[in-house]
2 protein chains.
Amino acid sequence: MSLPHAILTALLEKPSSGLELTRRFDRSIGYFWSATHQQIYRELGKLEADGLIRALPTQQPARGQKKSYEVLPAGRAELARWTAASQDPKPHRDTLLLRLRAAAVVGTAGLEADLRRHLELHERQLAEYREIEKRDFPPGRDGTEDRLRHLVLRAGIDLETFWTQWLRRAVADVAELPGPERSHPA
Amino acid sequence: MSLPHAILTALLEKPSSGLELTRRFDRSIGYFWSATHQQIYRELGKLEADGLIRALPTQQPARGQKKSYEVLPAGRAELARWTAASQDPKPHRDTLLLRLRAAAVVGTAGLEADLRRHLELHERQLAEYREIEKRDFPPGRDGTEDRLRHLVLRAGIDLETFWTQWLRRAVADVAELPGPERSHPA
DNA sequence: ACGGTTTATGCAACTAGTTGCACAAGGTGA
DNA sequence: TCACCTTGTGCAACTAGTTGCATAAACCGT
């Protein structure tokens, strides 16, 4: 139940239209809370109906016309409430770890290539995060908002660092397992 | 679309009833692929209908009677196919990071306590993983299956290590932000 | 001025996961 | 012996997220 709050946060940072939000989700918030444009439009409709945001006045609010939203006081209050509330961590689900566990039973045939691919993806993501850090968080500036946003970015960097290291080890381990094409039949 | 494969893996490790599976999900596979008993029963039904598993012969298959399942060759084949297939990583969603980002806009009031709580939860999980490592992976034994399972466990350990470290920093950072009860109004 | 691409909004149907409850059998103590 | 608790199985309804497609305006070359 966090998508509405992600949208409220994004809109407080800057009032936007559905498509602008979609783009910003792809670039920054989406790194830890992804959403498609359909989800976003649907949620904008709900938030407006609930009186948490409103469409900025415009000439004709027709289809194909940009429609920007801003957060109302009730929306800010709801976001503050949600941020402060205690929440249990949702269980993670990780397909790759599951596949490795399955490979322990049915064999590792074909797995190594995909591990390498994942390694590359994570390396790319890590590089992107470091780029952002260099650009947006040069040493020195540390207002409150910057501090918190930097903290979030650092979580991303450290997570990707973990994955690249772990995947390198996984690739190496899987590569040196007995025999090519091993597949552990019944 | 991984729950059926998680179940196939678990059943290959050891044929089980629905409830036994539920318990094993809580203890081990569930660390990276959680599932409730309702999900498991539903999926067992589907897997049986699809001919990937079958119920072990028993006396009366009535309600309240244990019913164990084993994997059929078609099930093993499907699991092997899935394990080897290339898959894109699903986007993560992390509420805590989102809340921190929201806090940068609406203020950190009330957040610190929950960060501490999360820190404790991750410390506990980390301790549990280390316990399992000591128990199940003493130095020396390293068959193929052990190697892979140990690799998965190590991912869990490293992930929890990351979280505990990051959360410690987050708690410290949030604690020293300007003023108690800061809340950054419009 | 017309046909194609890009920008922008949105609906509908589907899949996956969660929550809440119902039902049956077997054991246990009063 | 009967009320209650535990174990085990399961349905139904709901919530969240995904996929595929429809629609419309604007911009752009010919």
Side-chain angles (χ1 to χ4, degrees), chain A residues 1-8 10-11 15-26 29-30 32-50 53-56 58-69 82 87-95 98, chain B residues 1-8 10-11 15-26 29-30 32-50 53-56 58-69 82 87-95 98:
Chain A
M1 249 279 299
S2 310
L3 178 57
H5 303 100
I7 291 178
L8 287 171
L11 285 181
S16 310
S17 71
L19 196 66
E20 282 164 355
L21 277 178
T22 304
R23 299 237 165 93
R24 289 169 56 201
F25 266 72
D26 287 344
I29 292 195
F32 47 90
W33 203 276
S34 68
T36 62
H37 69 107
Q38 291 87 344
Q39 275 179 283
I40 288 171
Y41 283 118
R42 209 190 325 175
E43 204 61 47
L44 283 172
K46 278 190 212 160
L47 288 169
E48 191 179 22
D50 292 351
I53 63 175
R54 66 161 184 178
L56 287 175
T58 174
Q59 38 282 28
Q60 59 264 48
R63 253 186 169 211
Q65 289 297 315
K66 238 188 212 178
K67 197 162 68 169
S68 280
Y69 293 90
W82 177 81
Q87 283 178 235
D88 285 326
K90 290 267 163 227
H92 354 74
R93 297 211 161 85
D94 193 300
T95 315
L98 184 57
Chain B
M1 252 280 297
S2 312
L3 178 58
H5 303 99
I7 291 178
L8 287 172
L11 285 181
S16 310
S17 70
L19 196 67
E20 282 163 355
L21 277 178
T22 304
R23 300 238 163 92
R24 289 169 56 202
F25 266 71
D26 287 345
I29 292 196
F32 48 90
W33 203 275
S34 69
T36 62
H37 69 109
Q38 291 86 345
Q39 276 178 281
I40 288 170
Y41 283 119
R42 208 189 327 174
E43 205 60 48
L44 282 171
K46 279 190 213 161
L47 287 168
E48 190 179 22
D50 292 351
I53 63 175
R54 67 161 185 178
L56 287 175
T58 174
Q59 38 283 28
Q60 59 263 50
R63 256 191 164 203
Q65 288 298 316
K66 240 188 213 179
K67 196 161 68 171
S68 280
Y69 293 90
W82 177 81
Q87 282 178 236
D88 285 326
K90 290 267 163 227
H92 355 77
R93 296 211 161 84
D94 191 299
T95 313
L98 184 57

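Note on naming: letters A, B, ... go to the chains in the order of the sequence lines (proteins, then strands), and numbering restarts at 1 for each one. All heavy atoms count here, side chains included; hydrogens, waters and symmetry mates do not. Please read these numbers as outputs of a predicted model, since none were measured by experiment.
- Rounded to whole Å, the distance from CG on A:D94 to P on C:dG17 is 13 Å.
- Rounding to whole angstrom units, CD of residue B:E43 and C1' of D:dG10 are separated by 14 Å.
- Set against C:dA16, D:dT18, C:dC21, the side chain of B:H37 has C:dC21 as its closest nucleotide.
- Of the possible donor and acceptor atoms, none in the side chain of A:S34 sits under 3.5 Å from a partner among the backbone N and O of A:G30.
- Listed pair B:K90 / D:dT18 fails the phosphate criterion, with no side-chain N or O lying under 4.0 Å from OP1 or OP2.
- Following rounding to the nearest Å, A:L56 (CG) and C:dT9 (P) show an atom-to-atom distance of 12 Å.
- Of all nucleotides listed (D:dT9, C:dG17, C:dT9), D:dT9 comes nearest to the side chain of B:Y41.
- Rounded to whole Å, the distance from CG on A:L44 to C1' on C:dT9 is 11 Å.
- Comparing A:M1 and B:G18 against DNA chain D, the residue whose closest nucleotide sits nearer the 5' end is B:G18.
- For the residue pair B:S16 and B:R24, a side-chain donor N or O sits within less than 3.5 Å of a side-chain acceptor on the partner.
- Between A:Q38 and the phosphate of D:dG20, there is no side-chain N or O to OP1/OP2 separation shorter than 4.0 Å.
- The interatomic distance linking B:Y69 (OH) with D:dG10 (C1') rounds to 10 Å, in whole Å.
- Distances shown here put a side-chain N or O of A:R93 below 4.0 Å from the OP1 or OP2 atom of C:dT18.
- Distances were taken from every side-chain heavy atom of A:R42 (C-beta onward) to each of C:dC21, C:dT9, D:dG17; the shortest belongs to D:dG17.
- Using a 4.0 Å cut-off, some side-chain N or O of A:R23 falls inside it from OP1 or OP2 of C:dA8.
- Closest approach to the B:L19 side chain among D:dC21, C:dT18, D:dG8 is made by D:dG8 (side chain taken as heavy atoms from C-beta onward).
- The nearest whole Å value for the distance from the CD1 atom in B:I40 to the C1' atom in D:dC11 is 16 Å.
- In terms of modelled atom types and a separation under 3.5 Å, the side chain of B:Q39 and the main chain of B:T36 share a donor-acceptor contact.
- The distance from atom CH2 of B:W33 to atom P of C:dT18 is 10 Å, rounded to the nearest whole Å.
- Backbone-only contact: B:S17 has heavy atoms under 4.0 Å from sugar-phosphate atoms and none from a base.
- Listed nucleotides: D:dG10, C:dG17, D:dT18. Nearest to the side chain of B:P91: D:dT18.
- The CG atom of B:L3 sits 7.0 Å away from the CD1 atom of B:I40 when rounded to the nearest 0.5 Å.
- Atom NZ in B:K46 sits about 18 Å away from atom P in D:dT9, given to the nearest Å.
- Expressed to the nearest 0.5 Å, how far CG of A:L47 lies from CG of A:L8 amounts to 5.5 Å.
- Considering only side-chain atoms of B:Q39, the nucleotide from D:dG10, D:dT19, C:dT18 that sits closest is C:dT18.
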